[in-house]
Amino acid sequence: MKKLITTLTNIWKIEELRNRIITTLLLLLIYRIGCHVVLPGVNPDALAAKSSEGNSILDLINMFAGGSFSRSAIFALGVMPYISASIVVQLLGIAVPAFQKMQKEGESGRKKMTQITRYLTLAITLVQAVAYVKTQVPAEAKTLAEPMFTILSAIVLTAGTLFVMWLGEKITDKGIGNGISLIIMAGIIAQLPAGIVAEWGSRMSPSGGGPIPLLLEFVALFFVVIFAILVVQGIRKVPVQYAKKIVGNKQVGGVRQYIPLKVNAAGVMPIIFAQAIMFLPMALSQFFPNLQSEFLTSLSNYTSVAYNVTFAVLIIAFTFFYTAIMVNPQQMSEDMKKNGGFIPGIKPGYDTNLFIDNVISRITFPGAIFIAIIAIMPALASKLGVNNQFAHFYGGTSLLILVGVVLDTLQQIESHLLMRHYDGLMKTGRVKGRSTATVEGIDQSAI
C-alpha cells in the first residue's frame, strides 16, 4: 500500500504527466456525457420500451458504443466507422501500389493516408447512420416526420462520430496516448457496473443460487483475465547474432539480440473481422424475411453451437490471414542480412526467411486457438447461467481491448516515471505493453 501511495504521489509531482492524465479524463468525460444525449426527434420513453426487448448480437455493438447505441444517442455509432475505414486503408496499403508508395513517403505519406481515412470515415458513417435510423429507431419513438427525421439524424450521427474521432486524436496528442482505444475502453467499462448489478440481482433471487455461485463467477473471471494477459503478452524470442565490424577505431557489433515474435501478432483484428461476417445472417434475415431458415436463425444467436463453431473457425482463418499480412519474414531476413545479423545455425537469406516463416506458423496456430477460445467464452458463460450483460466481460474483443489498453496505458505512465528517475509501477521488472494489437493499432502497428 505504501508503494502504491508513493507511486501515485510521484505521478502527481510530474507536471506534464499530471496535465496529460487530467486532459485525458476530461475528454473521456465529454465522451461519456455525449453517450447520454438522445438524438433530436426521439422519444426516450418509447425507445426504452423497445430496447428492453434485447438482442444478443446488438448488445455487443452497444458495448463498444458505451451504451449509446441502445439509447439512440448522438454518439450511437461511436468509433466503429473510423475503425472500418482504418482497416480498409491498411489493406489498400498492402494491395494497391499507390498506397504502398504513400506508406514509404514517411511523415508526408502518413498525413495523406490519415486524410484519406477521415474522408472514408465520413462516407461510411453517412451510410451507417441512415441504416441505423431505419433499423434501430422504432416508428413510435420518432417525434418528427419523415424524411426530415432521417436526414437530421444522419447529419447528427455523422457529426457525432467525427467529434468522437477528434476526441481520440486529442487524447493521443495531448493526453496519455491510444486515444481511440481509450474511448472504446471507457465505453466498455461503463457497462461493467450495470452487468455486475444485473448478475447480483439474478443470483440473489430465490432461484439464483445465492452468493457462492456469484463468488465462483468472479474467481473464474479473474483466471480468464490472467489467461487473456498471457495470450496478449506471449512472445517467441528468436536469437539474432550480429557480426563484429571495425568502424573507425572502434569495434561494433558482436552482440546477441532477439526478434520478439508475438503469439498473437494479429491482436483483436481477427475477432473484429469474424464478428463483421457473423452480423450478415442477422442483416439478411431483417432485410429479406423470405430467406429466414433454422440455420440463419441459429447464426443470429450468439449462444448457439452453429454460431460459435462458425465464429471460431473464422477467427482461426483470419488470424493466419492477418498475421501473414502484418508479419513479413522475407523483409526481416533482408534487413537482418543488410545489418550483418544472422540466426545462429541458419544461413542468411532464403533459409532465414523459411525459418522465421516456420516459427511464425507454429506459434500462430496455438495463438489462433487461444483467441478463438477467448472469443467464445461469453457464450459459454451465458450457457452456464451468467447474465448476458455480465457474460460479455468473460472474453471476446471487449476483454482483449481492456487488457491491452490497460497494459499500454500503464507502460506510458511508467515511461514518464522512469524518464524522470522515479521508480516504476512494479517492484521488479517493467510493465510490458503491446507492440501490436490495440484497436488503434490499426494505425499504429496492428484495437
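At a threshold of 4.5 Å between non-hydrogen side-chain atoms, the residues M165 and L162 count as touching. Contact of the S72 side chain with the Y132 side chain is registered, since non-hydrogen atoms from C-beta on lie closer than 4.5 Å. Under the 4.5 Å side-chain criterion, counting only non-hydrogen atoms from C-beta, Y82 is not in contact with V164. No side-chain heavy atom of T125 sits under 4.5 Å from any side-chain heavy atom of L157. A 4.5 Å side-chain heavy-atom check between L261 and I235 finds every atom pair outside the cut-off. Using a 4.5 Å heavy-atom cutoff, the side chains of F311 and I315 are in contact. You'll find the side chain of R71 reaches within 4.5 Å of the side chain of C35, heavy atoms only. For the pair K174 and L27, the minimum side-chain heavy-atom distance is 4.5 Å or more.
F393 and F390 have tilted rings, their planes meeting at an angle from 30° to 60° on a 0 to 90° scale. Under the 30°/60° scheme for interplanar angles, the aromatic rings of F318 and F321 are found to stand perpendicular.
The two atoms that bring A76 and S68 nearest to each other are CA-OG, 3.5 Å, heavy atoms only. Closest approach of N264 and V231 over heavy atoms only: CB-O, 3.7 Å. Residues T323 and A266 approach most closely at OG1-CB, 3.9 Å, considering heavy atoms. For the pair T172 and G179, the tightest heavy-atom approach, listed with the atom from each and the gap, is OG1-N, 2.9 Å. The minimum heavy-atom distance between Y394 and V224, with the atom names listed, is O-CG1, 3.1 Å. Residues P344 and P239 share a closest heavy-atom pair of CD-O, 3.5 Å.
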Query raised in the report: Can I171 and L28 be said to form a side chain to side chain contact (heavy atoms under 4.5 Å, CB included), step by step?
Result: CA-CA 9 Å; I171 292 174; L28 290 177; 3.8 Å; yes
Requested in this report: In sequence, state the C-alpha distance, the side-chain angles, and the governing distance for I184 and I83, and then conclude on side chain to side chain contact (heavy atoms under 4.5 Å, CB included).
Outcome: CA-CA 11 Å; I184 296 177; I83 293 173; 3.6 Å; yes
Query raised in the report: What do the steps show when you test I196 against L192 for side chain to side chain contact (heavy atoms under 4.5 Å, CB included), and what is the final call?
Result: CA-CA 6 Å; I196 293 176; L192 183 58; 3.9 Å; yes
Report task. Report the C-alpha distance between V327 and M332 in whole Å, list the side-chain angles of each, state the deciding distance to 0.1 Å, and finish with yes or no for side chain to side chain contact (heavy atoms under 4.5 Å, CB included). Result -> CA-CA 9 Å; V327 184; M332 287 183 182; 3.6 Å; yes
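With hydrogens and angles ignored, the 3.5 Å screen pairs a side-chain donor or acceptor of T117 with a backbone N or O of M113. T23 places no side-chain N or O within 3.5 Å of a backbone atom of G175 that could act as its donor or acceptor partner. The main-chain N or O of T158 is never found under 3.5 Å from a side-chain atom of T161 such that the two would form a donor-acceptor pair. Under a 3.5 Å cut-off, the side chain of N19 and the backbone N or O of E15 do form a donor-acceptor pair. A donor-acceptor contact shorter than 3.5 Å is absent between the side chain of Q257 and the backbone of V240.
Taking CG of L167 as the reference point, atom CZ of F75 lies at 6.0 Å (rounded to 0.5 Å). The CE atom of M336 sits 6.0 Å away from the OG1 atom of T352 when rounded to the nearest 0.5 Å. Distance CD1/I155 to CD1/I74: 14.0 Å, rounded to 0.5 Å. To the nearest 0.5 Å, the span separating CD on Q330 from OH on Y350 amounts to 10.5 Å. We find the CG-OG distance between L402 and S181 to be 11.0 Å, quoted to the nearest 0.5 Å. Taken to the nearest 0.5 Å, the OG1 atom of T114 stands 7.5 Å off from the CD atom of E169.
With sequence neighbours excluded, no residue satisfies side chain to side chain donor-acceptor pair (under 3.5 Å) with Q100. Looking at residues two or more places apart in sequence or on another chain, you find no side chain to side chain donor-acceptor pair (under 3.5 Å) involving R32.
Ion pairing of K338 with E334 is absent here, as no side-chain N (NZ or NE/NH1/NH2) approaches a carboxylate O to less than 4.0 Å.
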Tell me which donor-acceptor pairs under 3.5 Å the side chains of residues 354-382 have, and how far apart each pair is, sequence neighbours excluded?
unit_1 : atom_1 : unit_2 : atom_2 : d
N358   : ND2    : L354   : O      : 3.2
S361   : OG     : D357   : O      : 3.0
T364   : OG1    : I360   : O      : 2.5
S382   : OG     : N388   : OD1    : 2.8

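Judged purely by distance below 3.5 Å, without hydrogens or angles, the side chains of D408 and Q412 never pair a donor atom with an acceptor atom.
In summary, of the residues considered (L122, L120, V127, L126), a side-chain contact (heavy atoms from CB on, under 4.5 Å) with I124 occurs for L120 alone.
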